[in-house]
Amino acid sequence: MNHSAHEHGHHAGHTPQADHTTHQSRQGQQGLDQQAHQGHGHEGHHGHHHPGGPVGWAMAAKATLHCLTGCAIGEVLGMVIGTSLGWGNAPTMALAIVLAFFFGYSLTLWAVVRAGLGLKAAVGVALAADTLSITVMEIVDNGVLLLVPGAMDAHLADGLFWGALAFAFAVAFVVTTPVNKWMIGRGKGHAVVHQYHG
């Protein structure tokens, strides 16, 4: 009788089935925790721009077009002012370049300030995003204008003036787009602006 009670007590305390169920429950909880952790990491990875990732030509072209718009406004305005005042080629080109940088930065500045960034921080973003892009664009653009015979001496009413300018912008766009693609791929240039565009 004592042996039977002892045996019964041993089985009641051991309950292999209950132990197995508890073990499975723990394993399941660990699996859920691991999945939750992986899910969080995956979400965090995609929540931010990944520098060095593949960058499409469309994104680079859009960034270049944005830069070109500001440069074109400034440069045309500078050429118009310089030509209207009868300035020589050097001061006219200098004014055009200064205004190209001014309007190039201004477009980015306006976009990020509108997105809610403070003015001081926005200036930093604009400088980081556009400096190299505008510099390359201006070097190519003005270099092409200097190479086109008679372009710098043409007047506002001349077709050569506007034709040469359009050609110079087209060449500058083609040359600057790969530069922007390279920079965005490394988390620089207009990649800095994209986070504020939503």
Side-chain angles (χ1 to χ4, degrees), residues 49 51-52 55-85 87-148 151-152 154-156 160-198:
H49 177 76
V55 179
W57 283 103
M59 185 188 289
K62 188 179 176 184
T64 308
L65 195 61
H66 173 94
C67 181
L68 182 65
T69 303
C71 288
I73 293 169
E75 200 155 314
V76 169
L77 192 60
M79 294 283 190
V80 168
I81 292 171
T83 307
S84 300
L85 295 176
W87 289 1
N89 290 343
T92 299
M93 188 175 277
L95 178 64
I97 291 170
V98 169
L99 289 177
F101 272 92
F102 174 77
F103 282 99
Y105 287 136
S106 294
L107 286 184
T108 298
L109 199 62
W110 178 74
V112 292
V113 166
R114 193 180 58 163
L117 201 63
L119 186 61
K120 189 177 178 182
V123 169
V125 169
L127 290 172
D130 291 323
T131 300
L132 182 61
S133 182
I134 296 174
T135 302
V136 172
M137 190 165 282
E138 285 306 295
I139 290 171
V140 175
D141 174 36
N142 288 289
V144 170
L145 282 177
L146 288 170
L147 291 173
V148 174
M152 291 304 297
H155 296 285
L156 296 177
L160 177 62
F161 175 87
W162 298 104
L165 202 56
F167 175 67
F169 283 140
V171 174
F173 178 82
V174 171
V175 174
T176 311
T177 298
V179 175
N180 277 323
K181 186 177 187 292
W182 178 80
M183 287 183 69
I184 293 169
R186 279 150 188 77
K188 301 175 186 293
H190 267 255
V192 183
V193 179
H194 287 168
Q195 60 186 304
Y196 300 106
H197 281 261

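All heavy atoms count here, side chains included; hydrogens, waters and symmetry mates do not. We count residues from 1, following the sequence as given.
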Only distances under 3.5 Å count here; give the side-chain donor-acceptor pairs of residues 96-103 to other protein atoms, sequence neighbours excluded, each with its distance to 0.1 Å.
none

Under 3.5 Å, sequence neighbours excluded: what are the donor-acceptor pairs made by side chains of residues 139-148?
residue : atom : partner : partner atom : Å
Asn142  : ND2  : Glu138  : O            : 2.9
Asn142  : ND2  : Glu138  : OE1          : 3.2

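Here the CE-CG distance, from Met79 to Leu156, works out to 10.0 Å after rounding to the nearest 0.5 Å. If you take CD1 on Ile73 and CG on Leu68, they are separated by 9.5 Å, rounding to the nearest 0.5 Å. For the atom pair Met183 CE and Asp130 CG, the distance stands at 9.0 Å (nearest 0.5 Å). Distance CG/Asn180 to CG/Leu132: 7.5 Å, rounded to 0.5 Å. Interatomic distance, CZ of Phe169 versus SG of Cys71, reported as 7.5 Å (0.5 Å rounding).
Counting only heavy atoms from C-beta outward, the side chains of Trp57 and Lys181 approach each other to under 4.5 Å. Looking at Thr64 and Met137, their side chains come closer than 4.5 Å, going by heavy atoms from C-beta outward. With contacts defined as side-chain heavy-atom distances shorter than 4.5 Å, the pair Cys67/Phe173 does not qualify.
Note on residues 96-107: pairs passing side chain to side chain donor-acceptor pair (under 3.5 Å), not counting sequence neighbours, are Tyr105-Thr131.
The side-chain hydrogen bond (donor to acceptor under 3.5 Å, both in side chains) check on Thr83 picks up nothing, with sequence neighbours excluded. Under the side-chain contact (heavy atoms from CB on, under 4.5 Å) criterion, Val113 pairs with Leu119, Ala122, sequence neighbours left out. A search for side-chain contact (heavy atoms from CB on, under 4.5 Å) contacts involving Trp87 returns Leu85, Pro91, Thr92, Leu95, not counting sequence neighbours.
When every heavy atom of Ala129 is checked against every heavy atom of Ser133, the shortest pair comes out as O-CB, 4.5 Å. Residues Ala60 and Ile184 approach most closely at CA-CD1, 4.2 Å, considering heavy atoms.
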